[in-house]
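Okay, so here's the structure we're looking at.
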There are 2 protein chains.
Amino acid sequence: MTVSQEEFRAAMSRLGAAVTLVTTDGSAGRHGITASAVCSVTDSPPTVLVCVNRASGAHQIFKDNGVFCVNVLAPEHRDLAMAFAGKLPPEERFATAVWSTLSSGAPVLEAATVALDCRLDQVTEAGTHSVLFGAVIGTRLAREAEGLVYFNRGFHSLGSSAAPPSAS
Amino acid sequence: MTVSQEEFRAAMSRLGAAVTLVTTDGSAGRHGITASAVCSVTDSPPTVLVCVNRASGAHQIFKDNGVFCVNVLAPEHRDLAMAFAGKLPPEERFATAVWSTLSSGAPVLEAATVALDCRLDQVTEAGTHSVLFGAVIGTRLAREAEGLVYFNRGFHSLGSSAAPPSAS
């Protein structure tokens with residue numbers, strides 16, 4: 001017995017999550033998607049995970065390339081988040097931003113708050129989705145610590161000026 | 001080749017994440033921890049995951065009880081987040097808040113933004129941590145949509161009054 005999809009989605013709208021673009025490039029081609037189901041797993045060894053719908057066009061490309069980059073978005077990236085979440089063909093998604101690479105070859109968003117360059121390490125299937133575990137082989141931090149979070153069905157900005165860290 | 005733990009931690013400080021208390025109760029006892037490595041996996045069937053250090057006292061208790069509740073915190077819960085992240089014995093952690101239960105029997109924080117009552121469904125090991133997949137068997141939403149996020153090594157509040165959803 002589980003809850004309905006509607007009840008689950010309403011509940012998930014209350015779980016704030018960073019908005020990221022997960023990108024890949026390699027023999028299977030270049031692709032990228034907007035993802036908020038991303039989390040830190042362990043620092044020993046440095047590992048993150050990303051949940052990807054197996055019905056998405058990007059899923060097999062992530063697996064075939066065996067590499068991906070998690071680009072954590074900043075407040076100014078709302079349009080980019082929408083572009084990578086929509087119906088645009090892969091190449092058009094990449095057209096509106098500046099990209100580079102780290103060692104994996106996956107696209108690194110120049111203005112990302114942080115980019116996590118990953119080698120695909122392990123896959124666990126759960127219902128309609130695959131959970132891709134990435135060994136973090138490189139990172140790049142922007143100068144400013146600002147973030148974009150999705151919560152209560154809308155975008156919210158995080159920044160040290162807008163909401164200072166707690167003193168507790 | 002992966003990055004150093006220090007480089008990984010600095011990078012992870014830029015990945016904003018909701019702050020939650022993950023709790024359990026059953027034949028192995030009552031326990032709970034603060035966790036920000038929580039994410040939505042799929043709505044078919046409704047599933048969330050939580051990453052737990054296998055060296056933590058709570059880890060085996062989660063597995064033995066086979067149930068847990070993800071209590072997503074609101075801005076006023078910073079002290080509670082600190083209490084469940086510290087060295088207090090389990091029972092003292094629970095002493096400062098009001099709890100109830102849904103069907104699993106795991107403690108539900110009365111004032112949680114949302115509570116996700118789960119049956120442990122699958123476990124994947126990754127380095128020092130276990131990833132616990134929970135089938136969501138019940139939810140309870142607070143009236144107000146407010147959230148508490150950890151980002152850039154500090155707490156940040158999310159609420160519809162403080163940061164309205166984007167119109168895009």
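Within every chain, numbering begins at 1; the chains are lettered A, B, ... in the order of the sequence lines, protein sequences first and strands thereafter.
Heavy atoms of M12(B) lying under 4.5 Å from chain A belong exclusively to its side chain. When heavy atoms are compared at a cutoff of 4.5 Å, V131(B) approaches chain A solely by way of its side chain, counted from C-beta outward. Within the 4.5 angstrom heavy-atom criterion, only side-chain atoms of R119(B), from C-beta onward, approach chain A. Heavy-atom distances place no part of A112(B) under 4.5 Å from chain A, backbone and side chain included. Proximity to chain A (any heavy atom under 4.5 Å) is shown, for S13(B), by neither the backbone nor the side chain. Contacts between C39(B) and chain A at a heavy-atom distance below 4.5 Å involve backbone atoms as well as side-chain atoms. Contact of V38(A) with chain B is made through backbone and side chain together, with heavy-atom distances under 4.5 Å. If you measure heavy-atom distances from L49(B) to chain A, the contacts under 4.5 Å come from the side chain alone. Using a 4.5 Å cut-off between heavy atoms, E125(B) contacts chain A through its backbone alone, with no side-chain atom that close.
Donor-acceptor pairing under 3.5 Å is lacking for the side chains of T42(A) and T47(A). Residues S100(B) and E110(B) bring a donor and an acceptor atom of their side chains to less than 3.5 Å of each other. Side-chain contact annotation: T23(A) with R30(A), donor-acceptor N/O pair under 3.5 Å absent. Side-chain contact annotation: S44(B) with Q5(A), donor-acceptor N/O pair under 3.5 Å present. Side-chain contact of T113(A) with R140(A): a donor-acceptor pair under 3.5 Å is absent, judged by distance alone.
Each of I137(A), D117(A), V136(A) has some count of heavy-atom pairs under 4.5 Å with chain B, and the biggest count is that of V136(A). Put simply, of T139(B), V72(B), V19(B), the one with the most heavy-atom pairs under 4.5 Å next to chain A is T139(B). Of the residues considered (S130(B), A10(B), G147(B), A11(B)), A11(B) shows the highest number of contacts with chain A, using heavy-atom pairs under 4.5 Å. Taking chain A as the reference chain and counting heavy-atom pairs below 4.5 Å, the highest number among S103(B), A17(B), G16(B) is found for G16(B). When the candidates V3(A), V114(A), T2(A) are compared by the number of heavy-atom contacts under 4.5 Å with chain B, V3(A) comes out ahead. Ranked by heavy-atom pairs shorter than 4.5 Å toward chain B, the options T128(A), V149(A), V70(A), L148(A) are led by T128(A). Ranking A18(B), P46(B), C51(B) against chain A, the residue ahead of the rest is P46(B), based on heavy-atom pairs under 4.5 Å.
A distance-only check finds no donor-acceptor pair linking the side chain of N152(B) to the backbone of L15(B) [under 3.5 Å]. In terms of modelled atom types and a separation under 3.5 Å, the side chain of T20(A) and the main chain of S36(A) share no donor-acceptor contact. Counting only distance, with no hydrogens or angles, the side chain of R14(B) and the backbone of F151(B) share no donor-acceptor pair below 3.5 Å.
Between K87(A) and E92(A) no salt bridge is recorded (no basic side-chain N to carboxylate O distance below 4.0 Å).
The aromatic rings of Y150(A) and F155(A) stand perpendicular to each other, their planes meeting at an angle above 60°, with 30° marking the opposite boundary.
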